[in-house]
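Below: one structure, written as structure tokens.
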There are 2 protein chains.
Amino acid sequence: MDPAERKARCERFARLCRERGLARTVQRRVIFEIVAERTDHPTADQVFELARKRLPGLSRTTAYRVLELLADLGVVTKACSPGAATRFDPMTQRHHHLVCLRCEKLVDIVDERLGRGVALPAAQARSFQVRDFSIHFHGLCAACQRQARAKQRGTVDQSNRAHQRGLERQRASGRQERSKR
Amino acid sequence: MDPAERKARCERFARLCRERGLARTVQRRVIFEIVAERTDHPTADQVFELARKRLPGLSRTTAYRVLELLADLGVVTKACSPGAATRFDPMTQRHHHLVCLRCEKLVDIVDERLGRGVALPAAQARSFQVRDFSIHFHGLCAACQRQARAKQRGTVDQSNRAHQRGLERQRASGRQERSKR
DNA sequence: TACCAGATGGAAATCTGTGTCAAGGAGAAT
DNA sequence: ATTCTCCTTGACACAGATTTCCATCTGGTA
């Protein structure tokens with residue numbers, strides 16, 4: 001990430017804390033930095049694990065609380081896919097999403113032209129105050145398309161096997177990590 | 001809801017069941033009817049509570065299973081707001097959403113002109129197969145706008161009090177109903 | 001430095017959702 | 001109508017994600 005951009009974000013965060021009379025604790029600083037460094041969409045638990053490496057005494061409760069606070073301040077945004085854990089996204093500029101209907105992968109799209117011309121119908125615009133919008137594209141990612149085709153043919157090729165194993169690992173990982181404790 | 005539309009939906013559901021060799025049980029019929037009647041976006045647990053009034057022996061497991069099945073058949077769609085439970089929506093045509101950032105209310109918008117001209121950039125369109133898209137408008141609903149203004153003035157008026165109480169009830173209701181069991 | 005509102009840590013509770021399995025019921029065959 | 005079979009259901013246990021509660025601690029300020 002661009003260092004200037006990163007510094008600007010940290011300063012924005014510090015300013016918002018001052019304005020709201022919030023204490024600048026190590027926990028808040030570290031958790032903010034971790035989310036700001038990421039370009040994927042970590043879950044609260046993933047952020048907690050990462051933060052704990054720098055701050056061994058950190059509690060899960062605090063990680064959740066701080067992330068909620070950051071979302072409230074508007075320095076991170078929350079994203080979700082149905083049935084899965086909330087994910088936190090440092091991207092505060094307008095962006096859109098690709099959501100795979102099968103494996104639930106979530107990909108950001110930044111493209112200014114994309115939302116051009118999108119505006120709320122006048123009737124709703126009077127009562128609802130729009131801050132921003134985002135477009136969700138639902139469909140199939142490349143790997144899931146390959147897999148669907150293979151299934152139709154009644155065969156399974158190696159790359160699809162790999163993708164499926166990846167899926168299973170991903171779904172099981174939360175449980176495993178948790179049960180270690 | 002328009003009775004003709006409602007009947008058409010029921011028939012579509014019945015047809016899909018026949019096609020897939022699925023038994024037409026009371027549980028499936030009742031749960032489908034409940035979702036189809038609603039214009040808000042009930043959670044699985046809310047659907048379960050409503051369904052139990054008509055079908056006292058219904059189990060929660062079945063409610064979840066049937067809702068999942070309905071989503072799989074495509075007669076309802078799943079929607080989500082970050083951190084909250086999955087919501088079920090009988091609307092299967094293309095539609096968009098207003099999402100209140102404060103109270104998380106979710107409102108449907110059906111307006112064909114709205115998504116006109118929206119298309120995925122060519123680079124992504126090659127690898128990602130788009131089935132549909134929806135636009136989420138984030139902002140403040142009318143009630144939350146009033147409340148925000150009142151807070152700034154340091155006053156709280158009656159209508160805002162009512163909205164806040166509604167919010168609290170809504171958030172607490174699951175817990176209360178659950179502990180009765 | 002002393003104070004205190006606000007923040008944290010840790011345990012427990014809650015909410016949402018899934019896995020398992022015996023028992024029940026729908027639909028086909030007789 | 002009866003039987004058979006397989007799909008469904010209900011009950012329970014469990015898992016993951018998140019929140020609540022409360023005692024303790026700490027950053028900011030007088």
Side-chain angles (χ1 to χ4, degrees), chain A residues 14 17-32 42-49 51-52 55-72 78-88 104 168 170-181, chain B residues 14 17-32 42-49 51-52 55-72 78-88 104 168 170-181:
Chain A
C17 285
R18 264 196 309 279
E19 281 173 14
R20 303 246 301 223
L22 297 166
R24 265 162 307 142
T25 63
V26 221
Q27 289 88 345
R28 284 177 181 164
R29 219 158 25 219
V30 167
I31 290 171
F32 171 74
T43 63
D45 236 67
Q46 287 167 340
V47 173
F48 168 58
E49 290 298 342
R52 208 160 54 146
L55 220 58
L58 182 71
S59 87
R60 185 194 305 281
T61 313
T62 301
Y64 275 87
R65 252 186 316 225
V66 171
L67 285 168
E68 204 56 44
L69 175 73
L70 296 180
D72 209 51
K78 295 205 268 183
C80 69
S81 24
T86 304
R87 291 172 176 280
F88 292 85
E104 297 190 347
E168 280 154 11
Q170 185 188 318
R171 282 180 178 152
S173 68
R175 196 177 319 147
Q176 289 169 1
E177 279 167 25
R178 228 163 225 275
S179 57
K180 270 190 283 183
R181 281 172 231 146
Chain B
C17 285
R18 264 197 309 280
E19 282 173 14
R20 302 246 302 223
L22 296 167
R24 267 162 306 143
T25 63
V26 223
Q27 290 86 345
R28 286 178 180 165
R29 221 160 21 221
V30 167
I31 289 171
F32 172 74
T43 64
D45 238 65
Q46 286 168 341
V47 173
F48 167 58
E49 290 298 340
R52 210 160 53 145
L55 220 58
L58 183 73
S59 87
R60 209 163 58 92
T61 314
T62 301
Y64 275 85
R65 251 186 319 225
V66 170
L67 286 168
E68 206 55 44
L69 174 74
L70 296 179
D72 210 52
K78 294 205 267 183
C80 70
S81 26
T86 303
R87 293 171 174 280
F88 293 86
E104 295 189 347
E168 282 156 9
Q170 185 189 317
R171 281 178 178 154
S173 69
R175 194 182 321 147
Q176 289 169 0
E177 281 167 23
R178 223 164 230 275
S179 57
K180 271 190 282 181
R181 277 174 233 150

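From a predicted model like this one, the values you see are computed outputs, not experimental measurements. FYI, side chains are in, hydrogens and waters are out, and symmetry mates aren't considered; it's all heavy atoms of this structure.
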Quick one: pull up [atom1] in [X] and [atom2] in [Y] and give me the separation to the nearest 0.5 Å.
X: Arg52(A); Y: Leu55(A); atom1: CZ; atom2: CG; answer: 11.0 Å
X: Leu69(B); Y: Arg20(B); atom1: CG; atom2: CZ; answer: 6.5 Å
X: Lys78(A); Y: Asp72(A); atom1: NZ; atom2: CG; answer: 8.5 Å
X: Leu67(A); Y: Thr62(A); atom1: CG; atom2: OG1; answer: 10.5 Å

Quiz item: [X] side-chain donor-acceptor pair to [N] base, under 3.5 Å:
X: Arg60(B); N: dG10(D); result: no
X: Arg65(A); N: dG9(C); result: yes
X: Thr61(A); N: dG10(C); result: yes

Output yes when at least one side-chain N/O atom of [X] is less than 4.0 Å from OP1 or OP2 of [N], else no.
X: Arg28(B); N: dT8(D); value: yes
X: Thr86(B); N: dG17(C); value: yes
X: Ser59(A); N: dG9(C); value: yes
X: Gln27(A); N: dG9(C); value: yes

_Counting the atoms with a prime plus P, OP1 and OP2 as sugar-phosphate, which does Gly21(A) contact under 4.0 Å by heavy atoms, base, sugar-phosphate, or nothing?_
nothing
Whole Å only: how far is the [atom1] atom of [X] from the [atom2] atom of [N]?
X: Phe48(A); N: dT8(C); atom1: CZ; atom2: P; answer: 14 Å
X: Arg18(B); N: dC7(D); atom1: CZ; atom2: P; answer: 19 Å
X: Phe32(B); N: dT8(D); atom1: CZ; atom2: P; answer: 17 Å
X: Ile31(B); N: dG10(D); atom1: CD1; atom2: P; answer: 8 Å
X: Tyr64(A); N: dG9(C); atom1: OH; atom2: P; answer: 15 Å
X: Glu68(B); N: dG19(C); atom1: CD; atom2: P; answer: 10 Å
X: Leu67(B); N: dT18(C); atom1: CG; atom2: C1'; answer: 14 Å
X: Asp45(B); N: dT18(D); atom1: CG; atom2: C1'; answer: 15 Å

*Looking only at side-chain atoms of Thr62(B), point me to the closest of dT9(D), dA17(D), dT18(C).*
dT9(D)
Check: protein-nucleotides 27-30 of chain D nitrogen or oxygen pairs below 3.5 Å:
from, atom 1, to, atom 2, distance (Å)
dG28(D), OP1, Arg24(A), N, 3.3

*Mark yes or no for whether Arg28(A), through its side chain, and Ala23(A), through its backbone, hold a donor-acceptor pair below 3.5 Å.*
yes
*With distance as the sole test, does Glu49(B) use its side chain to make a donor-acceptor pair with the main-chain N or O of Gln46(B) at under 3.5 Å?*
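Not at all, since once roles are kept as given, no pair shorter than 3.5 Å links the two residues.
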*Minimum side-chain heavy-atom gap Asp45(B)-Tyr64(B) below 4.5 Å*: yes
*Taking only Lys NZ, Arg NE, NH1 and NH2, and the carboxylate oxygens of Asp or Glu, determine whether Glu68(B) and Arg65(B) approach each other closer than 4.0 Å.*
no
*Taking the nucleotide of DNA chain C with the closest heavy atom to each, which residue, Ala44(B) or Leu58(A), is nearer the 5' end?*
Leu58(A)
